[in-house]
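Report on the following structure.
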Amino acid sequence: MGPQAVYQDDNARPHRARVVNDFLQQSGVNRMEWPACSPDVNPIENLWDELDIKMRSNHPPPRDVQHLYQMLQAEWQALPQRIFTTLVNSMRTRCVECQNSEGGFTHY
């Protein structure tokens, strides 16, 4: 990721736990300020939905955590690049819509 990388999270409690904060600070990771609970501007939510759909349609329930990990890895690798590109390219529109709605609902 390199020294210019910036970490983005949605301010969920697990992401803001003291152990996480300490780790990021000790590791020299820069954290982006981001509105709490803002899936309207956070494209990772769309990506998690896509992964969930693929997992549920292509696999029986996992036998254990290791099996779940293997299934997730396989589906993540199989996600088409166009999904990532589309989500990245949507950021400007997401931010403009969020600003125009004063932080309220957007179509994302």
Side-chain angles (χ1 to χ4, degrees):
M1 297 215 340
Q4 302 302 320
V6 177
Y7 176 70
Q8 174 198 345
D9 66 54
D10 61 0
N11 294 320
R13 285 186 184 181
H15 303 154
R16 295 296 170 151
R18 181 178 295 139
V19 67
V20 174
N21 287 333
D22 291 348
F23 171 79
L24 293 174
Q25 189 173 36
Q26 291 171 4
S27 301
V29 175
N30 296 316
R31 180 179 254 159
M32 179 186 292
E33 292 299 321
W34 199 257
C37 303
S38 57
D40 287 337
V41 293
N42 189 347
I44 196 69
E45 301 297 336
N46 302 93
L47 198 52
W48 294 146
D49 286 344
E50 189 69 31
L51 190 59
D52 183 49
I53 290 166
K54 298 291 186 190
M55 287 289 295
R56 291 176 190 277
S57 64
N58 295 337
H59 300 279
R63 297 181 302 271
D64 53 34
V65 173
Q66 182 63 30
H67 187 223
L68 174 62
Y69 179 78
Q70 291 168 348
M71 291 176 359
L72 285 167
Q73 288 287 326
E75 289 300 338
W76 181 268
Q77 294 298 323
L79 288 173
Q81 181 62 41
R82 69 174 167 70
I83 292 173
F84 297 93
T85 302
T86 299
L87 290 172
V88 168
N89 290 340
S90 73
M91 282 306 299
R92 180 179 303 276
T93 305
R94 288 171 185 268
C95 291
V96 168
E97 283 192 30
C98 187
Q99 184 177 19
N100 290 344
S101 70
E102 297 180 351
F105 179 79
T106 71
H107 85 274
Y108 290 99

Which heavy atom of W76 sits nearest to which heavy atom of L47, and what is that distance?
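Heavy-atom minimum between the residues: CH2-CD2, 3.4 Å.
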Non-hydrogen atoms of R94 and L87 that approach each other most closely:
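Taking R94 first and L87 second, the nearest heavy atoms are NH2-CD2, 3.4 Å.
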Determine whether the side chains of R82 and T86 contain a donor N or O and an acceptor N or O closer than 3.5 Å.
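The criterion, which ignores hydrogens and geometry beyond distance, is not satisfied for T86 and R82.
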Got a second to check how far [X]'s [atom1] is from [Y]'s [atom2], nearest 0.5 Å?
X	Y	atom1	atom2	value
Q26	N21	CD	CG	11.0 Å
T85	Q81	OG1	CD	4.0 Å
L72	H67	CG	NE2	10.0 Å

Any chance CD of Q70 has more than 12 other-residue heavy atoms, nucleotides or ligands included, within less than 6.0 Å?
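Yes, the 6.0 Å shell around CD holds more than 12 heavy atoms from other groups.
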Using a cut-off of 6.0 Å, state whether more than 12 heavy atoms not belonging to F23 lie near its atom CZ.
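Counting other residues, nucleotides and ligands, CZ of F23 stays at 12 neighbours or fewer.
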Pairs meeting criterion side-chain hydrogen bond (donor to acceptor under 3.5 Å, both in side chains) with involvement of residues 50-59, two or more places apart
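Only D52-R56, N58-E75, H59-E75 qualify under side-chain hydrogen bond (donor to acceptor under 3.5 Å, both in side chains).
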State plainly whether one hydrophobic cluster holds both [X] and [Y], where clusters connect Ile, Leu, Val, Met, Phe, Trp and Tyr through side-chain heavy atoms under 4.5 angstrom apart.
X	Y	answer
V6	V88	no
M71	W48	yes
M55	I44	yes

Kindly say whether L24 contributes a backbone atom to a donor-acceptor pair with the side chain of S27 at under 3.5 angstrom?
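Side chain of S27 to backbone of L24, a donor-acceptor pair under 3.5 Å: no, none is there.
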